[in-house]
J.: 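Below you'll find the structure I mean.
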Amino acid sequence: MPTDAFRLSTLDVLIILGSTLAVVGVGLFAARRTKPTTEGYFLAEGRMRWWVIGAAFVSTSVSSEQIVGTVGATYKGGLAIANWEWWCLPTYLLMMAFFIPLYLRNRILTVPEFLNRRFGSACGAIYSAVTLLGYVFIFLPPVLYGGSLTLSQLTGWPPWVVLLGIAVLTGSYTLLGGLGSVMWTDAVQCAMLLGGGLILFFIALGEIPGGWSAMTAAAPERFHLYRPPGDPEAPFLGLVLASLGVFLFYQSTNQVMVQRVLSARSTWDGMMGIVFAGFLNLFRPLVTCLLGLIVYHWLDVLNRGPSLLPDRHDQAFPYALATFAPSGVRGVVLAGFLAAVMSTVSALANSVATIFSIDVYARYWRANAGHREMITTGRLAGGIALVVSATLAPVVAQIGLFKYFQTGVTYMATPFISVVLLGILWRRTNAAGALAGLIGGFILQIALALGLPAAGVHLHWLYTGAIAQALTMALAAGVSCASPPPPPSQVEPFLWKPSWLREVDRDGPPRPWWQRIRLWLALYAVAWCGIYWHFW
């Protein structure tokens, strides 16, 4: 069934409109409860519970680039693409062991604040500038592009109308209520996203004669998570290396994700929120990846239509929705898809507002700005970010959606995660070394990205990022050794200690055994290992 034959019924439209208005209503209701203070607007007063944090953590990281991009990439490359969704346990463990205790025990408001306090204002300023540019030019455009591409294809609405609608609806509660509105709507949107995606997956799988077993029998080579080091799509060795690089940056030092944890009412809630996100992520590939396997079998094995290979694989998700989803289900799935787009857009806009207001405006222009002025500045910054990113969204169409997003994040991530890891693990790391790592890291990353292909060396971008990270850490360490050590007062609060691990379940009053973080983390780890054992 071609996408140009797709039609929404009245029921579908009512479901989409009703669900979207419900999300906006939740956001506006939460905005009314937001205290007009800097902490209330940008950190939700530090009162969020674990289940809100976990749901927000998932819905923020699942949006159009995950759904459209990874469904298309899985259609093209097979199950190994699901590693981008399932490969969470290593980075979650590192985040819980090193970063959550670091941020919450030092009452960090933003990642630039950590860099300011550990290394000095120059490093924080670089993070603020690069992150603001990255959110506007790397993160937001593919989210808006993926959302507008699919919704315009499936509804017939002009793309600019879709873009405008997403920006206006999201901005209505995000800019008004700040992080509190974003977190509560994220929780609702997570349920909508997973619910709609799971319904579509199982309906589509039911259309395949013989189901999952027939698909694996027809193309068994496409149903393995492990790919050799030279695989062009998802080399497993690259994933392992990225656990200490780009993946760790995205989860642990990316303001969008970190801000969810910083809103926790306790360290226990922050930790348990990440564990809950891990359990939700076990189901994520059913929504964001595995549908591509079904479309591949339908088109390229059963020959029920023209193949989308080699360069139309980004249309796999729209095709699946047009082909498999009946009336009513289409509305539910599209409502979940729109909710996912709005969730990530709201998170990015809110983080732009937070970093610009706290780490740029208040630090360099108006050190004595009051609460109301800070909030107004944040709203303006978030609104401008939405306008600029929406204007740039069509550029993503000239590059592969998934490749655009992942490659851009790698270039942005490498210098920061290199410096942060040295800063929390090695007391000798000083401001000069950190500054050399940030500036030199960007130069090294660009030089490798351009120089290796020019020299005839073609590496997966994960390997390029790992090489750049190793060189960046060596550069920062060398400069630190060649310059005076930092004062102890600048190091001790942020230097990781093994005792932090013993405090995991000791935050607040004693808890019963069934509330222990170690218990639920172990159950998640067993389930995760079982998946990798089965699909290895």
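Keep in mind that this is a model prediction, so the values were computed, not measured. This chain uses plain numbering: 1 for the first residue, then up along the sequence.
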J.: Assess the residue pair Trp50 and Ile274 against the criterion (side-chain contact (heavy atoms from CB on, under 4.5 Å)); give the C-alpha distance rounded to whole Å, side-chain angles, the decisive distance to 0.1 Å, and a yes or no.
T.: CA-CA 8 Å; Trp50 62 271; Ile274 299 303; over 6 Å; no
J.: Can you confirm whether the side chains of Thr414 and Gln445 place a donor and an acceptor under 3.5 Å from each other?
T.: yes
J.: List the atom of Leu239, the atom of Trp87, and the distance in Å for their closest heavy-atom pair.
T.: O-NE1, 3.4 Å
J.: Above 12 or not: heavy atoms from other molecules or residues under 6.0 Å from CZ of Arg372?
T.: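 Counting other residues, nucleotides and ligands, CZ of Arg372 stays at 12 neighbours or fewer.
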J.: Quick check: closest heavy atoms across Ser243 and Pro90, and the distance to 0.1 Å?
T.: OG-CB, 4.0 Å
J.: Is any side-chain heavy atom of Leu194 closer than 4.5 Å to a side-chain heavy atom of Cys190?
T.: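 A side-chain contact exists here, since the closest heavy-atom pair is under 4.5 Å.
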J.: At their closest point, which heavy atom of Cys123 faces which heavy atom of Leu435, and how far apart are they?
T.: SG-N, 3.9 Å
J.: Take Ser343 and Asp186, measure what side chain to side chain donor-acceptor pair (under 3.5 Å) needs, and give me the verdict at the end.
T.: CA-CA 6 Å; Ser343 172; Asp186 277 354; 2.7 Å; yes
J.: Determine yes or no for a side-chain-to-main-chain donor-acceptor pair under 3.5 angstrom, with Thr185 supplying the side chain and Val182 the backbone.
T.: yes
J.: Any chance the side chains of Arg105 and Thr267 put a donor and an acceptor closer than 3.5 Å?
T.: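 Looking only at side-chain atoms, Thr267 and Arg105 do not form any donor-acceptor pair under 3.5 Å.
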J.: Where do Thr429 and Phe119 land on the side-chain contact (heavy atoms from CB on, under 4.5 Å) test, with the steps shown first?
T.: CA-CA 9 Å; Thr429 311; Phe119 299 118; 3.7 Å; yes
J.: Ignoring hydrogens and angles, state whether a donor on the side chain of Asp359 or Tyr127 is under 3.5 Å from an acceptor on the partner side chain.
T.: no
J.: Please check: side-chain N/O of Gln490 versus main-chain N/O of Arg118, any donor-acceptor pairing under 3.5 Å?
T.: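 Yes, Gln490 side chain to Arg118 backbone: donor-acceptor pair under 3.5 Å.
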J.: For atom CZ of Arg49, decide whether the heavy atoms of other residues, nucleotides or ligands shown that lie under 6.0 angstrom number more than 12.
T.: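 Incorrect, the count does not exceed 12.
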J.: Is a donor on one side and an acceptor on the other found under 3.5 Å between the side chain of Tyr41 and the backbone of Leu175?
T.: yes
J.: For the side chain of Ser357 and the backbone of Gly378, is there at least one donor-acceptor N/O pair under 3.5 Å apart?
T.: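 Side chain of Ser357 to backbone of Gly378, a donor-acceptor pair under 3.5 Å: yes, one is there.
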J.: Check this for me: does any side-chain nitrogen of one of Arg265 and Asp269 sit under 4.0 Å from a carboxylate oxygen of the other?
T.: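 A salt bridge is present here (some side-chain N lies under 4.0 Å from a carboxylate O).
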J.: Taking all atoms of both residues into account, what is the closest heavy-atom pair of Val258 and Ser252, and its distance?
T.: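 That would be CG2-O, 3.0 Å.
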J.: Mind checking whether Met271 and Pro101 have side chains closer than 4.5 Å, heavy atoms only?
T.: yes
J.: Nearest 0.5 angstrom please: Leu8 CG to Ile16 CD1, how far?
T.: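 One gets 5.0 Å once the value is rounded to the nearest 0.5 Å.
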J.: Check the angle between the aromatic planes of Phe249 and Phe416 and answer parallel, tilted or perpendicular using the 30° and 60° thresholds.
T.: parallel
J.: Check whether any side-chain heavy atom of Gln469 lies under 4.5 Å from a side-chain heavy atom of Val246, and answer yes or no.
T.: no
J.: Are any side-chain N or O atoms of Thr91 and backbone N or O atoms of Cys88, one a donor and one an acceptor, separated by less than 3.5 Å?
T.: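 Between the backbone of Cys88 and the side chain of Thr91 there is a qualifying donor-acceptor contact (under 3.5 Å).
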J.: For the CZ atom of Phe337 and the CG atom of Leu200, what is their distance to the nearest 0.5 Å?
T.: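 Those atoms lie 12.0 Å apart.
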J.: Test side chain to side chain donor-acceptor pair (under 3.5 Å) on Thr60 and Arg260 and set out the steps.
T.: CA-CA 9 Å; Thr60 296; Arg260 274 105 196 89; 3.0 Å; yes
J.: Determine yes or no for a side-chain-to-main-chain donor-acceptor pair under 3.5 angstrom, with Ser172 supplying the side chain and Leu169 the backbone.
T.: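 It does hold such a pair.
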J.: How about CZ on Phe279, more than 12 heavy atoms from neighbouring residues, nucleotides or ligands closer than 6.0 Å, or not?
T.: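 Yes, CZ of Phe279 has more than 12 neighbouring heavy atoms, counting only those of other groups under 6.0 Å.
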J.: With no hydrogens and no angle check, do the side chains of Arg284 and Ser61 hold a donor and an acceptor under 3.5 Å apart?
T.: yes
J.: Can you confirm whether or not the ring centre of Phe247 sits under 6.0 Å from the ring centre of Trp84?
T.: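 For Phe247 and Trp84, the ring centres are under 6.0 Å apart.
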J.: Has the side chain of Ser181 got a donor or acceptor atom that lies under 3.5 Å from a matching backbone atom of Ala31?
T.: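 Indeed, once roles are kept as given, a pair shorter than 3.5 Å links the two residues.
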J.: Glu85 vs Asn281, test: side-chain contact (heavy atoms from CB on, under 4.5 Å). Steps then yes/no.
T.: CA-CA 7 Å; Glu85 308 295 332; Asn281 281 329; 5.7 Å; no
J.: For atom CZ of Phe29, decide whether the heavy atoms of other residues, nucleotides or ligands shown that lie under 6.0 angstrom number more than 12.
T.: no
J.: Can you confirm whether Val333 sits close enough to Phe317 that some side-chain heavy atom of one is under 4.5 Å from a side-chain heavy atom of the other?
T.: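 Heavy-atom side-chain distance check passes, below 4.5 Å.
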J.: Does any pair with a residue in residues 129-140 pass side-chain hydrogen bond (donor to acceptor under 3.5 Å, both in side chains), and if so which ones, sequence neighbours excluded?
T.: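 Residue pairs with at least one partner in residues 129-140: Tyr135-Asn254.
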J.: Please check if the side chain of Trp365 supplies one atom and the backbone of Val360 the other of a donor-acceptor pair under 3.5 Å.
T.: no
J.: Return the OG1 to CD1 distance between Thr20 and Ile15, rounded to the nearest 0.5 Å.
T.: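 Separation between the atoms: 11.0 Å.
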J.: Per the ring pair (Phe, Tyr, Trp, His ring centres under 6.0 Å) rule, which among Phe114, Tyr103, Phe99 passes with Phe494?
T.: Phe114
J.: What are the two closest heavy atoms between Val136 and Ala385, and how far apart are they?
T.: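 So the two residues come closest at CG2-CB, 3.9 Å.
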J.: Are Asn106 and Glu113 close enough that some pair of their side-chain heavy atoms sits under 4.5 Å apart?
T.: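 No; the side chains remain at least 4.5 Å from each other.
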J.: When you look at Gln259 and Asn350, which way does the side chain to side chain donor-acceptor pair (under 3.5 Å) test go after all the steps?
T.: CA-CA 9 Å; Gln259 202 162 342; Asn350 180 253; 3.0 Å; yes
J.: Measure from the ring center of Phe276 to the ring center of Trp51 and say whether it is less than 6.0 Å.
T.: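 No; Trp51 has its ring centre 6.0 Å or more from that of Phe276.
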J.: Got a second to check how far Leu93's CG is from Leu248's CG, nearest 0.5 Å?
T.: 11.0 Å
J.: Which pair of heavy atoms, one from Val71 and one from Ala316, lies closest together, and at what distance?
T.: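 Scanning both residues completely, I find the closest heavy atoms to be CG1-CB, 3.9 Å.
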J.: Run the side-chain contact (heavy atoms from CB on, under 4.5 Å) check on Trp496 and Leu102 step by step: do they pass?
T.: CA-CA 8 Å; Trp496 183 80; Leu102 170 73; over 6 Å; no
J.: Is the shortest side-chain heavy-atom distance between Met473 and Leu422 below 4.5 Å?
T.: yes
J.: Measuring from atom CE of Met342 to atom OG1 of Thr174, what distance do you get when rounded to the nearest 0.5 angstrom?
T.: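 Going from the CE atom of Met342 to the OG1 atom of Thr174 covers 7.5 Å.
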J.: With side chains defined as the heavy atoms from C-beta onward, is the minimum distance between Val332 and Met192 less than 4.5 Å?
T.: no
J.: Hey, does the side chain of Thr34 reach the backbone of Gly177 with a donor-acceptor pair shorter than 3.5 angstrom?
T.: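 Judged by distance alone, yes, a pair lies under 3.5 Å.
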J.: Any heavy-atom pair between the side chains of Phe42 and Ile358 that's under 4.5 Å?
T.: yes
J.: Say you draw a straight line from CD of Gln255 to OG of Ser351; how long is it, rounded to the nearest 0.5 Å?
T.: 5.5 Å
